[in-house]
Asker: 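Starting off with a structure, shown below.
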Protein chains: 2
Amino acid sequence: MEVRERSFVKAEEVAKLAGVSRSAVSRTFTDGASVSEVTRKKVLAAAEALGYHVNHLARGLSHERSNIVCLLVSDISTPYQARMIDIATQKLQSIGKIAMVINTTGEPEGVASAMRQTVNYRADAVIVLSGTPSPSLIATCLSNGQRVILINRDDQLSGPTNIVVENTFAATEAYHLLKRAGCARIAVVSSTAGTPSLKAREVAFVEAARQDGLDVPVMQTGPTGYATGMEAARRLFGRAVTPDGIFCVTDLLAMGCMDVARNEFGMSVPDELSIIGFDDIDQAAWMSYNLTTFRQPLDSIADHIVRLLAAETLPQAKSPTKSFQPIPVWRGSVRPRPPR
Amino acid sequence: MEVRERSFVKAEEVAKLAGVSRSAVSRTFTDGASVSEVTRKKVLAAAEALGYHVNHLARGLSHERSNIVCLLVSDISTPYQARMIDIATQKLQSIGKIAMVINTTGEPEGVASAMRQTVNYRADAVIVLSGTPSPSLIATCLSNGQRVILINRDDQLSGPTNIVVENTFAATEAYHLLKRAGCARIAVVSSTAGTPSLKAREVAFVEAARQDGLDVPVMQTGPTGYATGMEAARRLFGRAVTPDGIFCVTDLLAMGCMDVARNEFGMSVPDELSIIGFDDIDQAAWMSYNLTTFRQPLDSIADHIVRLLAAETLPQAKSPTKSFQPIPVWRGSVRPRPPR
DNA sequence: CAATGGTTTGCACGCGCGTGCAACATTGGG
DNA sequence: CCCAATGTTGCACGCGCGTGCAAACCATTG
């Protein structure tokens, strides 16, 4: 391969080497274009020799699709988010799209500037996994012909496509699970993050308990994570009456909670304490936790997204919000039967 | 904001609304261009009203920088990789770059096609976190003016920039740690993945033991992950003589190992068994594991990368490989003193 | 008022590519 | 041998934007 001086090879150079017009080169790399087999071979050979690669940026300039999809996400190192990105990137690639990941973590107004970036790069679609963009920003994206997909942002805006898991159903189910296990002193561990999805789980659980005539304390002492779960446990078990059943709105919270309950307060799970989490992250299946939880069907969700994006015409007429059923995963952190 | 019909706003429309030339609009959004304050205001107002956003794709077409950086990575949901992506995306954004994540997981020849995508999108740089691209592919990228940065791919190719942590040093250190703890029957748990970095840790540890006159068995029963660690422990503790010290080339392996040793074989850590991991993923600090391990200075690494990319002129004269020192993290999975 | 220097503006071109259109080559049938 | 039909090729234009260049404008000074 010829060594060139710090610059990408353009179609014109390939054309010159192959002894054809630039159009011929362009057509060779365009599906369904009319090129004879001989020139095609010549072009491919020349392209290979020069190390030519079609400039997708320039191609997207006239063609209305950039094949770029933006993922807006924060706390990427979180197991749940990481898994989401893993699946999303794979599925997107399988339909010829490519993922731009915009980390909305640190900076103030991170989501807003991220949304602007998506427009700057003419992304075909933007998938929001974290944060809540303002309606006006969403409107901008939509009016520019982008698809906007909100995942687990339960705000149910009418413009974009909403994808949610049925938190209310799952949280209600969780309550009855604990109740059937014979738990009498039940608590909820949530976070101060105020993510709509987590909030929904929290209030649904409390509501289910209330309807059952039980008043359930809610513990929220920090952001969504292991450390907050620890802190919650310390407060819960530092009281006079200690819980025998806990619903955590996130697996990470549950694990922090469980570790402190066991190691600092000598509780045994599930004999003295039943715990339920949410998300079914990898660690939930680890021996030390063996956590009963609810799995979000991320595969199905990703499949659905991909199907949405693959469809050329956007079916805006259809209901803009699609909901998925969380799958209960029975493990060992909930007592099988009530104690005698 | 005016509602438009599924298409991005272009500078010309802004110009018309603002009553200026398109150049004025362009200059308004270009740093260091000469525009009077009044036209600037007019343009900004019009842009705001129309929802105009500069097309970075078109901009990058003539300007030699696309500000796109590709991250090649597999197994994104792994804590280590996730953290790497988290930090990388943040730091890249802080210098005005944007990250394209290419998941090289599934598909055969994934790395090769990923490298090609990199060129297709005219990425300024490509950062390889997983897999080992062929030298010819790397050469293609380099000759196109892209920067290629290989992380922990210890192949030490001469073209691209190599970033490594000193695995040999750390593994040797790990051996002496176990030795000082009084461990006499030491084993290594590795994986069948054959990643250069992991292999380096493995052989360095074995070599350190050999020089100390100790023959150390190496267990590799599957890919790098928790389950493989479990399997390794089952085999190690199913033997007649069982280890009292284990070095795992990855935290995940260590955790699987520890869980099985404790729960299936009743070993107590660190009294009967000392374990050392590598990476210092979040979970290593969790109470259930409290794992002694080596932290990769991901922050420093990312800073270094960012500095490389920010420098306009690439200092190819300098040594193309930069190495970082892993930081020992002392926790509770290694016995503090040898038993009497 | 004229001359001068500095600032701002518009024009026009190029970035790399896809594609409509017309010219061209090829082939088969009459 | 001629004509039509089919297939292929090249030209030229446009995609949205940045920028060099020269014209136009403005303020300041002599």
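Numbered from 1 within each chain, the chains take letters A, B, ... in sequence-line order.
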Asker: For the residue pair B:R22 and B:A11, what are the closest heavy atoms and their distance?
Answerer: CG-CB, 3.9 Å
Asker: Just how far, in rounded Å, is C1' of D:dG14 from CZ of A:R59?
Answerer: 17 Å
Asker: Can you tell me how far C1' of D:dG18 sits from NZ of B:K10, to the nearest Å?
Answerer: 17 Å
Asker: Could you tell me how far apart B:E12 (CD) and C:dG10 (P) are, to the nearest whole angstrom?
Answerer: 13 Å
Asker: So B:V35, base contact, sugar-phosphate only, or nothing? Heavy-atom distance under 4.0 Å.
Answerer: sugar-phosphate
Asker: With a 4.0 Å cutoff (strictly under), does any side-chain N or O of A:S21 reach OP1 or OP2 of D:dG10?
Answerer: yes
Asker: Of all heavy-atom pairs between A:I76 and A:I85, which one has the smallest distance, and what is that distance?
Answerer: CG2-CD1, 3.6 Å
Asker: How close or far is atom P of D:dC26 from atom CD of B:E37, stated in whole angstroms?
Answerer: 17 Å
Asker: Among the candidates C:dG16, C:dT7, D:dT9, find the nucleotide nearest to the side-chain atoms of B:S34.
Answerer: C:dT7
Asker: Please answer whether the main-chain N or O of A:K91 pairs with a side-chain N or O of A:S94 as donor and acceptor at a distance below 3.5 Å.
Answerer: yes
Asker: How would nucleotides 19-24 of chain C be written as a contact map, 5' to 3', with B for base contact, S for sugar-phosphate-only contact and - for no contact, using protein heavy atoms under 4.0 Å?
Answerer: BB----
Asker: Could you tell me if B:K322 sits above the aromatic ring of B:F324, with its cationic atom closer than 6.0 Å to the ring centre and no more than 45 degrees from the axis?
Answerer: yes
Asker: So which heavy atom on A:A125 is nearest to which on A:L309, and how close?
Answerer: CB-CD2, 3.6 Å
Asker: Considering non-hydrogen atoms only, spot the tightest contact between A:A47 and A:F29 and give its length.
Answerer: CB-CZ, 3.8 Å
Asker: Compare every heavy atom of A:Q93 with every heavy atom of B:V101, then report the nearest pair and how far apart it is.
Answerer: O-OE1, 4.1 Å
Asker: Using five base pairs at each end to define the local axes, how bent is the helix from C:dC1-D:dG30 to C:dG30-D:dC1, to the nearest 10°?
Answerer: 50°
Asker: Base, sugar-phosphate or nothing for A:S36? Non-hydrogen atoms, less than 4.0 Å.
Answerer: sugar-phosphate
Asker: For A:G51 and B:T140, work out which heavy atoms get closest and say how close.
Answerer: O-CG2, 4.4 Å
Asker: In this structure, how many angstroms lie between the P atom of D:dG18 and the CG atom of A:L57, rounded?
Answerer: 14 Å
Asker: Will you find, in the side chains of B:Q146 and B:T118, an N or O donor that is under 3.5 Å from an N or O acceptor?
Answerer: no
Asker: For B:H56 and D:dC15, what is the distance between atoms NE2 and C1' respectively, to the nearest whole Å?
Answerer: 18 Å
Asker: Return the value, rounded to whole Å, for the distance between atom CG of A:N55 and atom P of D:dC17.
Answerer: 16 Å
Asker: OP1, OP2 of C:dC17 versus side-chain N and O of A:Y52: anything below 4.0 Å?
Answerer: yes
Asker: How long is the line joining CG of B:L61 and C1' of C:dG18, in whole Å?
Answerer: 13 Å
